[in-house]
K.L.:
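Would you mind keeping the following structure in view while I ask a few things?
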Amino acid sequence: MGKIEWAMWANEQALASGLILLAGGIVGVAGQFRGWEFAAYAVAAGVFVCLLEYPRGKRAKGTSVERTGQYCFTVCVKAFGPLTRNYYVRAFLHAAICVPGGFMLATVLGCVCLGIASLIYLAAAIRGEHWEPILPRKEVRKPVAESIKNPPQNPPPRPPPEMRRKQAKDLESAAYDNPIPVTSDE
Amino acid sequence: MAVSLRSWVANEGGKHLVLMLWLGANTWLFLNTFLLFSTGQQYHYLYKMLGVGVCISRASASVLNLNCSLVLLTMCRSVLTFIRGTHVVSSRKTRRLLDKSKTFHVACGIAVCLFSVVHVSAHMVNVVNFSSRYSDDFPALNLARYRGEDPKWIILTTIPGVTGVLLVLILLLMLISSSYCVRMSNYEIFWYTHNLFIIFYIILMMHMVGGVLKYQTNIEAHPPGCLRPNQSSTEQYVDDLEQLEDDDSRCKADAHFEPHYPQTWLWVSGPLCLYCVERLYRCIRSSAPVTIVTVIRHPCDVIELRMLKKDFKARPGQYIVLNCPSVSSFENHPFTLTKCPTVNKETFGIHLRVVGDWTERFTQQLLPQSRMDLEILPMVQQRTYPKLYIDGPFGSPSEEVFNYDVSLCVAGGIGVTPFACVLHALLDGWRGFRLQRLYFVWVCRELQSFYWFAELLCALHQKLWEENRPDYFNLKLYVSQVDNIQSISEERFRPLSSRMLVGRPRWKHLLDEIGKSNRHKRVGVFCCGPKGISRTLHRLCNSARSRGTTFEFNKESFS
């Protein structure tokens, strides 16, 4: 479990929570239910969270897949520098944003989901991850490997044939280490 | 290119038929339950109190019941392997449908999420109506304790409310972590959150406890809409007064309400038991460790592992799942078998490509470390291999290669592994199968990759030439990296070097050529490789063929 990048999951969860918060807020305002001011706040908060979370960060290892049209969002989010790079800031920001959503029935689901996203961001921050923008860059061609110049003249030393032959009755103990590494010739 | 109707029906017809049946079943359930609740006599008072909300919520609940049970059935892999293997389902067309079980699982999962949204919204409206339209005539029907009770409290203090909130949370977690990018980047997050389904099902079985929605049991004694003995209907006109004296419109007894019997148990418990039994069976079957016989290192980061296990039987094309506790206790990784155990030789093998941390750590435990000092010859030491458990074998689409008259196998890189097993089986005895001709196309980025199976390919080629069937096996190798061109120089691999081409294959011409030599036949196309190749091939198989050959596309994917 050591190499999991939590930030990717936190990003998906936060984007989904933003959408749910937005939807709940729209329903609350449209139906003019009791406490519809919280729903109006949820609409604004949902839009903000979606805009913040739309650009995906670059993965530390492996290929990063961009979301469609995320380049302009990446530029905007990058402009805030350390505020958006650091995941502790995002964790606390989401925790703070989600609290007013809990006061109205229509937005309570968005509030809980955003809370979960904030916890996952906290886990990512504790692991030392940070947000890197995905920017287009030129590919550097790998230099061509050198060909083998001098093949060895003698075969590698091997143990005597009795040790090399596999004992059919006892397969487990017939395994041995070759003194010099041998690769398959096929 | 134009889509030909016959090719499209041959390739896509079965899948779309099943899709239509499933949609039809869902629609029928929805409409049936909706009409039952809106027009049924026993729900008359409930409908009057809650309105259309109760109809929508119950209708979506019945659709949810169906999809929750289907979702489990598609994941019983051993059962599906058994169905595929025993030819109980004798038609090849129906066996082809089993290939799409994961897609169907995803479709049912999405249906569960969509209808949960509908169900939750309708129940929110119901809760508001329970509170505002509190019924003084029929107190047994009420969920709220008094008129105007806060809907939030109604939800949080009843079992269906609390379980519903938990179910929605778990469902959301499972949905969001099943997205494509999370699965590709961190498969463990997807796996561990998806295993919350067990909690989901347990809470689902408790969801209906409490009997929130009630139906009326004594319809004959108390026809809905009848008038109480001390009640007069103010809407009636004076000259209809004599109708009021009619016995039928007077209630003989008070309305009596009973809560529903929870239907979810009937739908869900069967598949859940089947799934649990299957997991137990797989656990017991994989509890015997395997003996590792040989570890061979191949070029381009590929390791071949030969193993031995008692009573292990597999068919060509199947895959196994490896678990090595010394590398990671909970991770299970699937690998296709490249050699099946036969009557003569009981060892079976896999080829695994080292990409990712599990395979790296596994390889480090299997192969000796490189020694730093080479001047002093070290002693030969005994090596102990790590303990390894395998689960399987599980079926895959490539098992059908032998059931066509003509088959085309297209492999990209390490995707050649299911077909390697097929070739081994042909080497053992090629006469017993329905297969009369096999076209084998292997596309690799580097030349070194062909050394993984160079001996196998040459041996099969040699055997078929000697037994006077040179047209049985048609081999085409492609090296897709066009710079730094090399060739296979060994004399014993002559058949390979003379069949190797540089550059990407032209699929349309290939299929045309195969179609020309096999008119009016059904050719099975099996693809195991990158998405680009499989998409192109799929499109070509669906498009018009002028020579009467039909190409049936079967894809095997490793994700």
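Within every chain, numbering begins at 1; the chains are lettered A, B, ... in the order of the sequence lines, protein sequences first and strands thereafter. In what follows, every heavy atom counts, from backbone to side chain, and hydrogens, waters and symmetry copies are set aside. The structure presented is a predicted model; accordingly, all values stated were derived computationally and were not measured.
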K.L.:
Select one option (side chain, backbone, both, neither) describing which atoms of B:Thr193 are under 4.5 Å from chain A's heavy atoms.
P.N.:
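Interface part for B:Thr193: side chain.
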
K.L.:
Output the distance between atom CH2 (A:Trp9) and atom OG (B:Ser179), rounded to the nearest 0.5 Å.
P.N.:
11.0 Å

K.L.:
Which pair of non-hydrogen atoms, one from A:Trp6 and one from B:Ile189, has the smallest distance, and what is that distance?
P.N.:
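Between these two residues, the closest heavy atoms are CE3-CD1, 4.3 Å.
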
K.L.:
To the nearest 0.5 Å, tell me how far A:Met8 CE sits from B:Cys181 SG.
P.N.:
5.0 Å

K.L.:
A quick test of your reading: do over 12 heavy atoms of other residues, nucleotides or ligands sit less than 6.0 Å from CZ of B:Phe330?
P.N.:
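Count not over threshold, so no.
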
K.L.:
CD1 of A:Ile20 to CD1 of B:Ile176: how many Å apart, nearest 0.5 Å?
P.N.:
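So the CD1 of A:Ile20 and the CD1 of B:Ile176 are separated by 5.5 Å.
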
K.L.:
Which atoms of A:Leu15 are under 4.5 Å from chain B, going by heavy atoms: the side chain, the backbone, both sets, or neither?
P.N.:
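Neither the backbone nor the side chain of A:Leu15 comes within 4.5 Å of chain B.
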
K.L.:
Atom CZ of residue position A:Arg67 - does it have more than 12 heavy atoms of other residues, nucleotides or ligands inside 6.0 Å?
P.N.:
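Enclosed: over 12 neighbouring heavy atoms sit under 6.0 Å from CZ of A:Arg67.
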
K.L.:
Please state whether the side chain, the backbone, both or neither of B:Leu175 comes within less than 4.5 Å of a heavy atom of chain A.
P.N.:
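The answer is neither part of B:Leu175.
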
K.L.:
Is the number of heavy atoms from other residues, nucleotides or ligands under 6.0 Å of A:Lys78 NZ greater than 12?
P.N.:
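No.
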
K.L.:
Taking atom CD of B:Glu346 as the centre, report whether more than 12 heavy atoms of other residues, nucleotides or ligands fall under 6.0 Å from it.
P.N.:
no

K.L.:
Could you tell me which portion of B:Ser177 (side chain, backbone, both or neither) has an atom closer than 4.5 angstrom to a non-hydrogen atom of chain A?
P.N.:
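Both parts, heavy atoms under 4.5 Å.
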
K.L.:
Are there residues of residues 163-172 of chain B whose heavy atoms fall under 4.5 Å of chain A's heavy atoms? If so, which?
P.N.:
B:Val168, B:Leu169, B:Leu172

K.L.:
Applying side-chain contact (heavy atoms from CB on, under 4.5 Å), run through B:Leu173 and A:Gln13 and close with a yes or a no.
P.N.:
CA-CA 8 Å; B:Leu173 261 179; A:Gln13 179 87 19; 3.9 Å; yes

K.L.:
Got a second to check how far B:Lys152's NZ is from A:Phe103's CZ, nearest 0.5 Å?
P.N.:
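The NZ atom of B:Lys152 sits 9.5 Å away from the CZ atom of A:Phe103.
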
K.L.:
What are the two closest non-hydrogen atoms of A:Glu5 and B:Asn186, and how far apart are they?
P.N.:
O-ND2, 2.8 Å

